[in-house]
Amino acid sequence: MLDSVAKAFFHLIAQSRILKTLASRYGMRKPTSFARRFIAGETITEAIEAARAVEARGMTITLDLLGESVTNLDEADAATRAYQTVIEAIIASGIGRNLSLKLTQLGLDVDKASAIDNLRKILERADPAGFFVRIDMESSAYTDVTLEIVETLWHHGYRQIGVVLQSALYRTEERDLARVNALGARIRLVKGAYKEPRHVAHPRKADADAAYTRVMKTLITEGHYPAIATHDPRMIELAREWARERGVPPDRFEFQMLYGVRRDLQAMLVKAGYRVRVYIPFGREWFPYFMRRLGERPANVMFVIRGILGESG
Ligand SMILES: Cc1cc2nc3c(=O)[nH]c(=O)nc-3n(C[C@H](O)[C@H](O)[C@H](O)COP(=O)(O)OP(=O)(O)OC[C@H]3O[C@@H](n4cnc5c(N)ncnc54)[C@H](O)[C@@H]3O)c2cc1C
């Protein structure tokens, strides 16, 4: 209950211009600024530096150039070009070739065909260079169209792409899990970061967690190199147990966590011999991503308030 109230509250204040201005002014200003706990920086250079540090700790990475919900095709083109530049920088740097991106960043809200075109432009460079590109999942309004686009590109021969399914949505268990598994694409399983209506998603967190466990089990035994993306120690323990019991070796799946969240768990898993990928977001458009992280854990708010008071004083 508290969780859905927190999500709704942060969804609401994420629209606040004053807050956005304040956060943007202070959030990234110094190396110690509060937003840097979750965001690697505003530039690709900072992201690559963060990625190198993560890789040095025995983990792999995926880079997300932050941005979403663009409202015109110029912005979508700019995001596409920015991703192309990021690809070149990643190649030059020698870090892992793995990207995560959002279709509304490529213009999905403006024109579906243009968004597909933009994604194709990114894949045309990324695919031959051996990149894996994960299409993040946004709110349930985009689930259908996101899966359709992934399927279309898959059938056009782009096999180094994957999707995300959210255990909170009823449709994940009802149909999407089987649909994507049948396609053969890799799935990243998450609980779901968006505020959803009750007819679409489990309103109780306990039910979304139970669904997570069920889907995770199917993915570990029947998925295609699934990503178990969670910071929930209970889910992680269940996944390890299930894989052990079913004789699925640790190189057949990976755990994924967000940059700056539960670094202790990340290290513990690496030490225990599991694969861990860290999702590293960076870029100037960090505010909505940042607000979702606060909504997941209201305790983070005190940390931000202390940061703002400390920096503005
Ligand atoms: C790699 C990765 C990619 C993701 N991609 C997507 C996506 O494409 N679409 C989507 O809807 N969602 C995505 N998410 C977010 C996801 O849906 C959840 O909102 C988020 O992971 C929190 O859920 P949880 O599984 O960690 O469990 P929870 O039950 O929310 O949290 C379990 C524990 O993890 C820790 N924790 C969780 N979140 C935080 C935080 N923000 N700050 C500090 N501690 C925290 C706390 O200790 C908490 O008790 C992604 C998550 C990960 C890890």
Side-chain angles (χ1 to χ4, degrees), residues 2-4 6-7 10-11 34-40 54 59-64 66 68 98-105 132-143 146-147 150 161-169 171-172 176 180 186-196 200-202 204-213 215-216 226-239 253-266 268-269 275-281 286 288-304:
L2 191 64
D3 296 284
S4 62
K7 257 189 196 174
F10 283 100
H11 179 76
F34 57 86
R36 289 187 186 269
R37 165 157 175 200
F38 299 114
I39 293 128
V54 168
M59 294 176 265
T60 54
I61 54 104
T62 181
L63 286 198
D64 169 26
L66 291 165
E68 56 197 87
N98 195 303
L99 292 173
S100 292
L101 54 79
K102 291 183 174 52
L103 291 175
T104 64
Q105 184 178 14
F132 181 81
V133 179
R134 178 83 58 177
I135 316 300
D136 284 351
M137 190 57 82
E138 301 178 68
S139 77
S140 61
Y142 300 101
T143 313
T146 302
L147 294 179
V150 168
I161 55 173
V163 278
V164 180
L165 294 182
Q166 299 154 325
S167 73
L169 302 191
R171 57 175 292 160
T172 293
D176 294 340
V180 183
R186 293 187 195 176
I187 295 172
R188 171 200 291 154
L189 177 65
V190 301
K191 291 185 184 175
Y194 297 83
K195 168 77 188 138
E196 300 288 357
V200 168
H202 295 287
R204 290 178 54 234
K205 185 172 185 308
D207 294 329
D209 286 358
Y212 193 98
T213 309
V215 178
M216 173 270 286
I228 311 302
T230 180
H231 318 91
D232 186 337
R234 222 162 31 94
M235 298 296 143
I236 290 170
E237 197 37 52
L238 284 170
F253 60 96
E254 66 184 31
F255 289 104
Q256 292 191 353
M257 294 191 211
L258 301 175
Y259 181 77
V261 180
R262 294 302 309 257
R263 279 170 286 204
D264 55 334
L265 260 187
Q266 298 173 8
M268 180 277 284
L269 284 170
R275 294 182 171 190
V276 179
R277 186 176 303 277
V278 176
Y279 182 108
I280 302 182
W286 49 265
Y289 174 91
F290 181 69
M291 292 308 287
R292 285 196 291 278
R293 302 294 77 84
L294 295 193
E296 279 155 8
R297 194 159 179 266
N300 288 340
V301 178
M302 279 319 293
F303 161 80
V304 172

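Note: hydrogens, waters and symmetry copies are ignored here, and every other heavy atom, side chains too, is used. All values derive from a computational prediction rather than experimental measurement. Order of appearance sets the numbers: ligands from 1, and atoms from 1 within every ligand.
On a distance-only criterion, F38 and ligand 1 share no N/O pair closer than 3.5 Å. For ligand 1, the polar-atom distance check finds an N/O of H231 within less than 3.5 Å of one of the ligand's N/O atoms. Annotation: L258 places no N or O atom under 3.5 Å from an N or O atom of ligand 1; distance criterion only. Looking at G192 next to ligand 1, an N or O pair under 3.5 Å apart turns up.
At a heavy-atom cutoff of 4.0 Å, ligand 1 is contacted by both the backbone and the side chain of K191. Using a 4.0 Å cut-off between heavy atoms, R262 contacts ligand 1 through its side chain alone, with no backbone atom that close. Contact annotation for D136 and ligand 1: heavy atoms of both the backbone and the side chain come within less than 4.0 Å of the ligand. Contacts of Q166 with ligand 1, taken as heavy-atom pairs under 4.0 Å, involve the side chain alone. Contacts between R293 and ligand 1, counted as non-hydrogen atom pairs separated by less than 4.0 Å, involve both the backbone and the side chain. Residue contacts with ligand 1, taken as heavy atom pairs separated by less than 4.0 Å, involve R188 solely via side-chain atoms from C-beta onward.
A 4.5 Å side-chain heavy-atom check between R186 and F132 finds at least one atom pair inside the cut-off. Using a 4.5 Å heavy-atom threshold, the side chains of E296 and L294 count as separate. A 4.5 Å side-chain heavy-atom check between R292 and L258 finds every atom pair outside the cut-off.
The pair R134-D64 does not meet the salt-bridge criterion, since no charged nitrogen lies less than 4.0 angstrom from a carboxylate oxygen. Remark: R262 engages D264 in a salt bridge, criterion side-chain N to carboxylate O under 4.0 Å.
Applying the side-chain contact (heavy atoms from CB on, under 4.5 Å) criterion to T60, with sequence neighbours excluded, gives R277.
Ligand 1 is approached by K205 to a heavy-atom distance shorter than 4.0 Å.
Between the E138 side chain and the L103 main chain, a donor and an acceptor come within less than 3.5 Å of each other.
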